[in-house]
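Okay, so here's the structure we're looking at.
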There are 2 protein chains.
Amino acid sequence: MKLQKITKKEKHRLYDDACGIAHALDLVGERWALLVMRELLFGPKRFSDLRDSLPGISANVLTQRLEGLEASGLLVKRKLPPPAASQVYELTEWGYESEPVIRTLGKWAARSPMHDPTRPVSSVSIMLSMRTMFDGARTKGFAGSIGFQLEDESFVGRIADGRLELERGPHDGADAVFTGTARLLAAALYSGMPLTAMIDKNMLKVDGDLALAKKFVTFFPLPAKAQAASNS
Amino acid sequence: MKLQKITKKEKHRLYDDACGIAHALDLVGERWALLVMRELLFGPKRFSDLRDSLPGISANVLTQRLEGLEASGLLVKRKLPPPAASQVYELTEWGYESEPVIRTLGKWAARSPMHDPTRPVSSVSIMLSMRTMFDGARTKGFAGSIGFQLEDESFVGRIADGRLELERGPHDGADAVFTGTARLLAAALYSGMPLTAMIDKNMLKVDGDLALAKKFVTFFPLPAKAQAASNS
DNA sequence: CGGCATCCGGGAAGATACTG
DNA sequence: CAGTATCTTCCCGGATGCCG
């Protein structure tokens, strides 16, 4: 029977510590929680979209995390108006403010000696990594808009005055458009493989201004790896 | 029998995701891991010091986290020379570079509407929070050194040219010295209670230049709270 | 005492199946 | 599509005990 359903304990294991870090971990320290936040940084998503973006998460865990994050005031469950009355999860204002946290974390981890970049990535991951690794100083005199068509998600980026704006949405009229998988876009940006080679091998497609696209992929330098400490 | 001991799994549950965030969580995403890192940010500590600084951690979990962080190249186990041949754990260079991550996280969480600051804090926590919340613009024309004697740990801070340096170590010759618990120092910095009131009530002791100490505690503004989303 | 191994109970995570 | 139910696995937390 589910009579006792009312007596929900609802007390996760908390750190008994007033430190901000400990409190942060009470909020987003559970497994998957921060990755759920990451997936929502470019706008609301549905349950299934989240599930598909997070390889390995199971439905019940995703449910729990969404409940927890909602209870913490980091996201809200919202119902879209009748035409396409699907449910979406959207970060609150404070939730969106976690982006610097997530970026800082990612930038730090990028220096890990044991980072394996051959695994799959979500579209949001690669878009977020561009915001993180963007080096405005490299864009001297550059201006343009670039579109990204990754599977069924589209994004558009604009560079001007050394700044990058990047958001989810249609890329109509962009100067150049990349089409392919998130993983292959990551290779183009970070592996050092020449963009033309990737295009020749049909790994990635670029429509529009190819010269602009080739410059674009040089704006995202990876930090130097930390030296590996005596590992096994 | 422990014959099968050789078949060490050694594979924690990893996120199958090349994103930097996921990798970061593979490194420090386990429970307590980031708090262990935090405790080491001001220098090496012994096993027992860590245990005492982290209310609620159990010895075996601490052992596991130290093993994991060492395997990840974030800290090293070091043996001090014979006079006091105790073992200490010390962050690697890359480990120390996690400070921005930890600070960003703490600053973000400080805006949480449901942060309870009445719980105990470790000495390192409060020192780190000062580095995090320090507002150099408030120190116009201020210069001085301040010591902190928190239980049996001592720290010293120097402010000049709008910058704060803060480290573990003796505070001989400091212009003013705070003596008390980390929790009460936190109250002096963040609760808004006047420093003189805390001194009158014997909660905190200040030796040396009291006027300087009173200015000092105004240099660490807390960010505004995020508005509470419809919570229970 | 410091550091670590071991055993155990509870609960969170993972996988799968099922329902509205 | 959006979850819930159930079962298994494994991690976390606490206690004990070994060993230098």
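Just so you know, these numbers use all the heavy atoms, side chains as well, and skip hydrogens, waters and symmetry mates. Residue numbering restarts at 1 for every chain, and letters A, B, ... go by the order of the sequence lines. The shown structure was predicted, so the numbers you read here are calculated from the model rather than taken from an experiment.
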Choosing from C:dG14, D:dG13, D:dA2, which nucleotide comes nearest the side chain of A:Val61?
-> C:dG14
To the nearest Å, give me how far apart CG (A:Asp16) and C1' (D:dG13) are.
-> 15 Å
When all nucleic acid strands are considered with a 4.0 Å heavy-atom cut-off, which category describes B:Ser48: base, sugar-phosphate, or nothing?
-> sugar-phosphate
So, are B:Arg158 and B:Glu167 salt-bridged, with charged N and O less than 4.0 Å apart?
-> yes
Rounded to whole angstrom units, what separation is found between the CD atom of B:Glu30 and the C1' atom of D:dC10?
-> 12 Å
What is the distance from CZ of B:Arg78 to P of C:dG3, rounded to the nearest Å?
-> 14 Å
Any side-chain donor near an acceptor of the partner, A:Lys225 and A:Ser112, under 3.5 Å = no
Cation-pi between B:Arg131 and B:Phe42: NZ/CZ under 6.0 Å from ring centre and within 45° of the ring axis?
-> yes
Between D:dA2, D:dG3, C:dG3, which nucleotide has the shortest distance from any of its atoms to the side chain of A:Ser86?
-> D:dA2
What's the CD-P distance between B:Gln64 and D:dC11, to the nearest Å?
-> 8 Å
Whole-Å distance between D:dT6 P and A:Asn60 CG?
-> 13 Å
Remember a base hit wins even if backbone is also touched, and classify B:Lys77 as base, sugar-phosphate or nothing at under 4.0 Å, heavy atoms.
-> sugar-phosphate
Can you tell me how far P of C:dG11 sits from CZ of A:Arg13, to the nearest Å?
-> 10 Å
Round to the nearest Å and state the distance from B:Glu70 atom CD to C:dC4 atom P.
-> 9 Å
Among C:dG14, D:dC12, C:dA5, the one nearest any side-chain atom of A:Arg31 is C:dG14
Please check if any side-chain donor atom of B:Glu151 sits under 3.5 Å from a side-chain acceptor atom of B:Ser123, or the reverse.
-> no
Integer-rounded Å distance: D:dC12 P and A:Leu25 CG | 13 Å
